[in-house]
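Accompanying notes for the structure given below.
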Amino acid sequence: MFCNIIAGKIPSKKVYEDDKTYAFEDINPKAPTHVLIIPKKHIVGLKEAEAADTELLGYCQIVAAKIARERGIEDGYRTVYNVGPGAGQSVFHLHLHLLGGRKLAWPPG
Ligand code: 5GP
């Protein structure tokens, strides 16, 4: 499904794009900033990522940090992969959540 977002077949509010990644507003935000950063390469999830994806996964984190800086939420934000249905993964195209703009409790639920 997120491949269709990258392709523009499903509309989304784009936050950032480059040759490797696409970032957009989550449709059901859980915080004032809730952005999803996805690699354009289709990876099902963190479990399915391979050693060859190391740089791409790290790059998604760098994109999240850049968005957080631009949004002025560096006092406290979180980057999260939900891995597997038991952790709430509902879309099986790897996506990094960037959450911030409010107090974030620890541990997460
Ligand atoms: P997961 O639960 O897999 O970790 O996260 C999936 C996220 O994708 C959820 O936070 C959900 O709100 C978001 N989402 C699901 N479908 C769409 C969609 O069509 N557009 C956008 N912008 N977000 C979506």
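All heavy atoms count here, side chains included; hydrogens, waters and symmetry mates do not. Numbering of ligands and ligand atoms starts at 1, following listing order.
- Residue-ligand proximity, Asn28 to ligand 1, at heavy-atom distances under 4.0 Å covers atoms 12 (O).
- Contact check for His97 versus Tyr81: no side-chain heavy atoms found under the 4.5 Å cut-off.
- By the ring pair (Phe, Tyr, Trp, His ring centres under 6.0 Å) test, Phe2 pairs with Phe24, His95, sequence neighbours left out.
- Between His34 and ligand 1, a contact under 3.5 Å exists for no N or O pair.
- Of the N or O atoms in His97, one or more lie within a sub-3.5 Å distance of an N or O in ligand 1.
- One hydrophobic cluster, built from ILVMFWY side chains closer than 4.5 Å, holds both Leu56 and Leu94.
- Of all atoms in ligand 1, listed by their number and element, those nearer than 4.0 Å to a heavy atom of Gly88 are 1 (P), 2 (O), 3 (O), 4 (O).
- In this structure, Ile10 CD1 and Ile27 CD1 are separated by 9.0 Å, a value rounded to the nearest 0.5 Å.
- The shell of residues lying under 4.0 angstrom from ligand 1, judged by heavy atoms, excludes Lys13.
- Contacts between His95 and ligand 1 below 4.0 angstrom, taking non-hydrogen atoms only, involve the side chain exclusively.
- If you check which protein heavy atom lies closest to atom 11 (C) of ligand 1, you get Asp26 OD1, 3.4 Å.
- Geometrically, ligand 1 and Ser12 share no nitrogen or oxygen pair separated by less than 3.5 Å.
- Considering backbone and side-chain N/O of Val91, one or more are found under 3.5 Å from N/O of ligand 1.
- Between Glu25 and His34, every side-chain heavy-atom pair lies at or beyond the 4.5 Å cut-off.
- If you look at Glu25 next to ligand 1, the close heavy atoms, those under 4.0 Å, all belong to the backbone.
- Considering only non-hydrogen atoms, atom 8 (O) of ligand 1 lies nearest to Leu36 out of Val35, Ile27, Leu36.
- Within the structure, the side-chain hydrogen bond (donor to acceptor under 3.5 Å, both in side chains) test picks out the following pairs touching residues 50-66 (sequence neighbours left out): Asp18-Tyr59, Lys41-Asp53, Gln61-Thr79, Lys66-Glu70.
- The shortest N/O to N/O separation between Ile5 and ligand 1 does not fall below 3.5 Å.
- Side-chain atoms of Arg102 come within 3.5 Å of backbone atoms of Lys30 as a donor-acceptor pair (strictly under, hydrogens ignored).
- At under 3.5 Å, not a single nitrogen or oxygen of Phe2, backbone or side chain, sits near a nitrogen or oxygen of ligand 1.
- A 4.5 Å side-chain heavy-atom check between Val80 and Leu99 finds at least one atom pair inside the cut-off.
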